[in-house]
Amino acid sequence: MKQKINGRTIEISNPHKVFYPNANITKGEILNYYNRIAEYMLPHIRNRLVVMQRFPEGIGKEGFYHKQVPDYFPEWLQRKTVTLRKGEKQDIAVVNKKADIIYMAEKGVITFHIWLSQKDNIEKPDKLIFDLDPPKKGEFSEVKFAAYKLRDLFQDMGLIPYVMTTGSKGVHVVTPIKPEYDFDIIRQYVRDILTELVKKYPDRFTLEPRKDERQGRVFLDYLRHAFGQTSVAPYSLRPIEGAPIATLLEWEELPYIENSQKYHMKNIFKRLSQKKDPWKEFKLHRKSLDI
DNA sequence: GTCCACG
DNA sequence: CGTGGACAACGCGGC
DNA sequence: GCCGCG
Ligand SMILES: [Mn+2]
Ligand SMILES: [Mn+2]
């Protein structure tokens with residue numbers, strides 16, 4: 001079977017292979033999903049380097065993260081050569097068009113993880129991302145409490161924070177910024193800010209990286225702010241039964257969200273047909289940080 | 001999903 | 001010619 | 001340097 005997109009012909013293999021065993025979702029359905037969702041994804045993923053999380057045998061078998069684009073990927077898929085901390089070079093995939101998403105999905109990519117910077121300015125992130133997860137199963141309300149506190153914090157700084165489910169356990173609070181500072185500067189800056197917030201709520205928040213030291217507190221994960229680190233792309237599927245999706249929200253919806261997997265392959269298009277883009281103004285809301 | 005050494 | 005097995009990430013914090 | 005973590 002073949003599909004033609006953006007003038008590229010993509011050969012689709014094994015469309016009937018089951019990728020989500022429990023729900024019986026096939027590779028063909030995943031490709032159909034990415035075909036339909038691409039227009040919503042592209043504004044957020046375009047011009048960014050991506051790490052592919054691949055499950056060529058479905059989520060019932062082991063998957064892997066894939067950064068170095070293999071030579072057998074087509075020449076039309078853009079690579080960006082980056083130098084790792086250890087000095088080695090790596091050719092990372094860049095998403096520019098719908099065909100890029102579909103090609104990667106054809107190669108078993110279920111989840112797209114994207115850089116916080118764009119391809120022409122890879123050293124400088126254009127958004128802040130804080131990853132908030134429940135300290136224990138079923139404590140999503142703690143995640144929401146943390147999200148609101150971060151929202152207030154950034155709004156008070158004159159910034160415009162947004163919120164999304166990750167489709168896994170928690171949420172991301174994402175704030176657009178002008179790409180003016182390197183990752184290391186940003187990370188130190190946000191860490192200092194969060195340290196103050198933790199002082200205010202020492203029994204609910206922590207910056208402790210070791211799980212067994214968190215003691216029921218929400219880890220305010222700021223560690224995505226580093227060169228080469230990624231976060232899940234908007235509208236990416238997750239490799240979890242039920243095919244949950246990282247979904248952009250309005251702050252006004254958050255009170256009614258009870259878990260991170262509320263939106264999934266079976267209900268997302270109903271939502272999209274009823275709701276205007278909750279992040280429509282995201283790029284317009286990039287502000288300078290006062291560092 | 002693709003590659004390739006090996007039978 | 002067919003196929004089993006190899007392969008496909010990395011940066012940060014803290015000890 | 002290595003482990004836990006995402
Ligand atoms: Mn998370
Ligand atoms: Mn295979």
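These values consider heavy atoms only, across backbone and side chains, with no hydrogens, waters or symmetry-generated copies. Numbers restart at 1 for each chain; the letters A, B, ... are given by sequence-line order, proteins then strands.
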Q.
Please classify the nucleic acid contact of A:Lys27 as base, sugar-phosphate, or nothing, using heavy-atom distances under 4.0 Å.
A. sugar-phosphate
Q. How close or far is atom C1' of C:dC10 from atom CD of A:Gln68, stated in whole angstroms?
A. 13 Å
Q: Using the side chain to side chain contact (heavy atoms under 4.5 Å, CB included) rule, pick out the option among A:Leu194, A:Leu132, A:Leu197, A:Leu150 that qualifies with A:Phe205.
A: A:Leu197
Q. Ring centroid separation for A:Phe112 and A:Tyr235, is it under 6.0 angstrom?
A. no
Q: May I ask you to check whether A:Thr165 and A:Gln261 show a side-chain donor-acceptor distance below 3.5 Å?
A: no
Q.
For a quick check of understanding: with a heavy-atom distance under 4.0 Å over all strands, which category does A:Asp71 fall into, base, sugar-phosphate or nothing?
A. nothing
Q: Measure the distance from NE2 on A:His66 to P on C:dC10 and round it to the nearest whole Å.
A: 10 Å
(Q) When you measure from the side-chain N and O atoms of A:Lys107 to the phosphate of B:dT2, is any distance below 4.0 Å, counting only OP1 and OP2? (A) yes
Q. Atom NZ of A:Lys89 to atom C1' of C:dA9: distance rounded to whole Å?
A. 18 Å
Q) With sequence neighbours left out, what residues match A:Lys270 under salt bridge (charged side-chain N to carboxylate O under 4.0 Å, His left out)? A) none
Q: Would you kindly compare A:Thr230 and A:Leu207 by the position of their nearest DNA chain C nucleotide and give the one closer to the 5′ end?
A: A:Thr230
Q.
Distance check, C1' atoms only: C:dG11 and B:dG1, in whole angstrom units.
A. 28 Å
Q.
Nearest whole Å is fine: how far is C:dG13 P from A:Asp192 CG?
A. 12 Å
**Q.** Test applied, side chain to side chain contact (heavy atoms under 4.5 Å, CB included); reference residue, A:Ile101; option that passes from A:Leu42, A:Val109, A:Asn35
**A.** A:Leu42
(Q) At 4.0 Å (heavy atoms only), tell me whether A:Lys61 reaches a base, stays on the sugar-phosphate, or touches nothing. (A) nothing
Q. Checking all strands, does A:Leu84 fall into the base, sugar-phosphate, or nothing category for heavy-atom contacts under 4.0 angstrom?
A. sugar-phosphate
Q: For A:Ser13, report the nucleic acid contact type (base, sugar-phosphate, nothing); a contact means any heavy atom under 4.0 Å.
A: sugar-phosphate
Q) Does A:Arg54 place a side-chain N or O at less than 4.0 Å from the phosphate oxygens OP1/OP2 of C:dC7? A) no
Q: Encode nucleotides 1-6 of chain D as B, S and - characters from 5' to 3', where the letter depends on protein heavy atoms closer than 4.0 Å: B to the base, S only to sugar-phosphate, - to neither.
A: ----SB
Q) Within the structure shown, what part of the strands sits under 4.0 Å from A:Gln90 by heavy-atom distance: base, sugar-phosphate, or nothing? A) sugar-phosphate
Q | Check: A:Tyr189 ring centroid to A:Tyr222 ring centroid under 6.0 Å | A | no
Side-chain donor/acceptor pairs under 3.5 Å, residues 152-159 of chain A, sequence neighbours excluded:
none

Q) C:dA8 and B:dA5: how far apart are their P atoms, nearest whole angstrom? A) 16 Å
Q. Under 4.0 angstrom, heavy atoms only, what part of the nucleic acid is A:Phe73 near: base, sugar-phosphate, or nothing?
A. nothing
Q: Round to the nearest Å and state the distance from A:Glu57 atom CD to B:dT2 atom P.
A: 11 Å
Q. A:Met104 has an atom CE; how far is it from atom P of C:dA8, in whole Å?
A. 19 Å
Q: Specify the residue among A:Glu62 and A:Arg187 whose closest nucleotide of DNA chain C lies further upstream toward the 5′ end.
A: A:Glu62
Q: Using the P atom on both, measure D:dG6 against C:dC7 and round to a whole Å.
A: 28 Å
Q: Round to the nearest Å and state the distance from A:Ile92 atom CD1 to C:dA9 atom P.
A: 8 Å
(Q) Please report the distance, rounded to the nearest Å, between OH in A:Tyr65 and P in C:dA9. (A) 13 Å
Q. Counting only heavy atoms not in A:Gln188, do more than 12 sit closer than 6.0 Å to its CD atom?
A. no
